[in-house]
**Q** 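The following block contains the structure, expressed as C-alpha cells.
Indexing begins at 1, ligand by ligand and atom by atom, following the structure's order. Just the heavy atoms: all of them, side chains too, but no hydrogens, waters or symmetry mates, feed the values below.
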Amino acid sequence: MKILMVTSEAVPFAKTGGLADAVSALAIALSRLGHDVRVVMPRYYRIDRSKLSLVPGPMGVHSGYQEIWTGLYEGVLPGSKVPVYFIDHEESYGRDGVYGTAGETDFNDNPQRFSLLGHAAFQLCRKIRWFPDIIHAHDWAAALAPIVLKFNERRGEFAQTSSVFTIHNIGYQGVYSKHLFPYTGLSWDNFYAAGFEDWDRMNFLKAGIISSDKLTTVSPTYAKEIQRPEYGFRMDGILRYRSKDLVGILNGVDTDIWNPQTDPLIPSNYGPKTLAKKAVNKAALQKRMGLPVDPDVPVVGIVTRLADQKGVSELFGPAYGSAWRICTEINLQMVVLGAGEQWCENEIASLSHSLPNFRAFIGYDESLSHLIEAGSDFFLMPSRYEPCGLNQMYSLLYGTLPIVRRTGGLADTVENYDEQTGEGTGFSFDNLTPQSILDTVGWAAYAWYNKRDHVNAMRIRGMSRDYSWDGSARHYEEVYSSARPSAGV
Ligand code: ADP
C-alpha cells in the first residue's frame, strides 16, 4: 500500500511529545512490512535545510484566501528509506516552536499554519506524481488533510484514497475563533454542529473525527474511555457516534534504544537470565542521586512531565500529596526526574531538601531516565489519563515493576499482582486519590519485603513481553485495509 503520513512532528526533526516518536517508528515499521510509506511535515526553522535536498521548483498551495507559494525539501527517516517531505514556508514555519513558544504557547496563526499543511499534502502528491491509497493524519494539527480529502479532493487521482486519523491525545484539539475559518479553504457549509463548529468556535480535531474514514487511538482502553464524558474532553458524543470506526492500537517501544541487554546508557547490561546484574544499576542510581547505597531498600522511580495529566497534584500537591507520607511511612527510597509546572518543580525541590529518602532532578535528562528505569525496583505512574504511555512499557522490559492507575494504555499493559498466585506484572489502582497512591505503593513495598519470590517472578514475566512496533504496524495494516473503498463490499 502507498501511505502518506501527515504530521506536525516526527523524530528526529521536530518533537514536542510522544506523537513524534510514534509517527516515525510506525512509518519505519510499515515500510519494513513492504509498504511505500512517506511522511509530510512543515520545515520549521530548526530543521536545517542544508541537510535536506531541494525538490526543484515552487509549489503553489491554494489555502483559504490565497495561493501560497512554498518550497519543498526532501529527507529520509534515519535508519530507513522512508522519505520525509518538508513544506518550506518562511512566514508560516520559519520560527522557533512547533505550536508555540514559552512566551506564546499557541501561535495565533496556527489555523493558517496547519491549514497550509493539510492542503500542501495534496499538492505534494501532485508535484511528485505519487498518489497514496491511505492518508494517515496524526492529531489536530494534521486533521485538515482528511477533511480536505472528503470535501474537496476525493476525485481524479485521489478518487480511491482513504483516510485514517489517529488521536494521540484528545486533550489537544485546535480550537480557534471562527473568524479564522476561511483560512481552512473550506466552504461555510462545513461549519455546522456535526462538523467544524464547536460552541461557535472552530475545532480541528472534531472535524477530523467526523471526516476521516477510520479512526484510531493509541490503546484499546483509551479508545473506550474517550467515548465517555470523563475522558472525552467534550468529544465523547461524536466518538460514540463513530464508535464502529474507532480502534485502539498500542504504540510500540523502540527496542534499539530501550533494551536492558544492550542499553549503552546504563552501567550494567542485564536480561531475564542475568537479573542479578540489575543491582549494579540500582547502586549507581542511589549514588548518582545522593541516596544511601543499600540493596535492601526498594527504590521507586518516576520519570514524567510534571503536568496535571500525570497525577502530580495527588502525588506532590502541597499539604495533601501522597509523596510525603509515602516517604515517611514506608521504608523505601524515591527518585524523581521531571520538568513542567512551576509549582510542582518547587514542591519536589522542597521534598528533596526535607526528606532523606527522596531525591529529585528537575529538568530533561535522557541518560538519567535510562538509569532510573534500570536501577529502580518499582516505577510509579498515577496518571489521570494516559492514552498509551511509554514508561510503563520500558519499566516492564527493564524488570522494574510498574505501579499504575488503571487507565488507558496503563490498563492494557500492566497485569495486576495476584497475591495468592503470584501472577501479574505490576500493581494497579482505580481511584486517583493520595490515599490510593499511598496504599498501592505500600502494597508493592509489602510484596518486596515479604514476597520476594513473587516480585522476581513478575519481573521476569514483564521482561518477556513483546512491545515491538512490528506488532502495532500489523494492526494498522488491518485498519488501512478496512478503510479502502472495496472493504465491506
Ligand atoms: P507523554 O508523551 O504523555 O509525556 P509517555 O510516557 O508516552 O508520556 O512518554 C514520555 C517520554 O518522555 C518517555 O520516553 C519518558 O522517558 C520521557 N520523559 C519525560 N520526562 C522526561 C524527563 N524529564 N527527562 C527525560 N525523559 C523524560
**Q** Would Phe361 count as a contact of ligand 1 if the rule is a heavy atom under 4.0 Å away?
**A**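 Checking ligand 1 against Phe361, which is what was asked, there is no heavy-atom contact under 4.0 Å.
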**Q** For Asp263 and Tyr398, which I'm curious about, is there any donor-acceptor pair between the side chains at under 3.5 Å?
**A**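 Per modelled atom types, Asp263 and Tyr398 side chains form a pair under 3.5 Å.
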**Q** Going by atom types alone, do Ser472 and Asn251 pair a side-chain donor with an acceptor below 3.5 Å?
**A**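 Note: Ser472 and Asn251 side chains miss the donor-acceptor criterion.
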**Q** Take every heavy atom of Gly389, measure it against each atom of ligand 1, and state whether any distance is under 4.0 Å.
**A**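 The answer is yes: ligand 1 sits under 4.0 Å from a heavy atom of Gly389.
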**Q** Please list the nearest protein heavy atom to atom 21 (C) of ligand 1 with its residue and the distance rounded to 0.1 Å.
**A**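 Here the nearest protein heavy atom works out to Tyr364 CE1, 3.5 Å.
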**Q** Tell me: protein heavy atom nearest atom 6 (O) of ligand 1, and distance?
**A**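 The protein heavy atom lying closest is Leu390 N, 2.9 Å.
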**Q** Just checking, any donor-acceptor pair under 3.5 angstrom between side chains of Thr433 and Glu314?
**A** no
**Q** Of all the heavy atoms in Lys310, does at least one lie under 4.0 Å from an atom in ligand 1?
**A** yes
**Q** side-chain contact (heavy atoms from CB on, under 4.5 Å) with Val299: which of Asn357, Thr400, Leu332, Asp377?
**A** Asp377
**Q** If we count only N and O atoms by modelled type, under 3.5 Å, do the side chains of Asp412 and Tyr222 hold a donor and an acceptor together?
**A**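 No - no donor-acceptor pair under 3.5 Å links their side chains.
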**Q** Could you establish whether Gly17 and ligand 1 come within less than 4.0 Å of each other, counting only heavy atoms on the residue side?
**A** no
**Q** Students should be able to answer this: which protein heavy-atom is nearest to atom 4 (O) of ligand 1, and at what distance?
**A** Arg305 NE, 2.8 Å
**Q** If a pair satisfies salt bridge (charged side-chain N to carboxylate O under 4.0 Å, His left out) and one of its residues is in residues 345-371, list it, with sequence neighbours excluded.
**A**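 Checked against salt bridge (charged side-chain N to carboxylate O under 4.0 Å, His left out) - neighbours excluded - the pairs reaching residues 345-371 are Arg288-Asp365.
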**Q** Mind checking whether Gly363 has an N or O less than 3.5 Å away from an N or O of ligand 1?
**A** yes
**Q** Which one holds for Thr304 and ligand 1: side chain close, backbone close, both close, or neither close, with close meaning a heavy atom under 4.0 Å?
**A**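 Near ligand 1, Thr304 shows its backbone, while the atoms from C-beta on stay back.
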**Q** Taking atom CZ of Arg465 as the centre, report whether more than 12 heavy atoms of other residues, nucleotides or ligands fall under 6.0 Å from it.
**A**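 For Arg465, atom CZ is crowded (more than 12 foreign heavy atoms under 6.0 Å).
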**Q** Checking the N or O distance criterion of under 3.5 Å, is ligand 1 in contact with Asp365?
**A**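 So ligand 1 has an N or O lying under 3.5 Å from an N or O of Asp365.
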**Q** Under 3.5 Å, is there a donor-acceptor pair between the Gln392 and Tyr467 side chains?
**A** no
**Q** Starting from atom 13 (C) of ligand 1, find the nearest protein heavy-atom neighbour and note its residue, name and distance.
**A**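 It is Asn391 ND2, 3.6 Å.
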**Q** Short list, please: which atoms of ligand 1 are under 4.0 Å from a heavy atom of Gly18?
**A**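 Here the atoms of ligand 1 in question are 2 (O).
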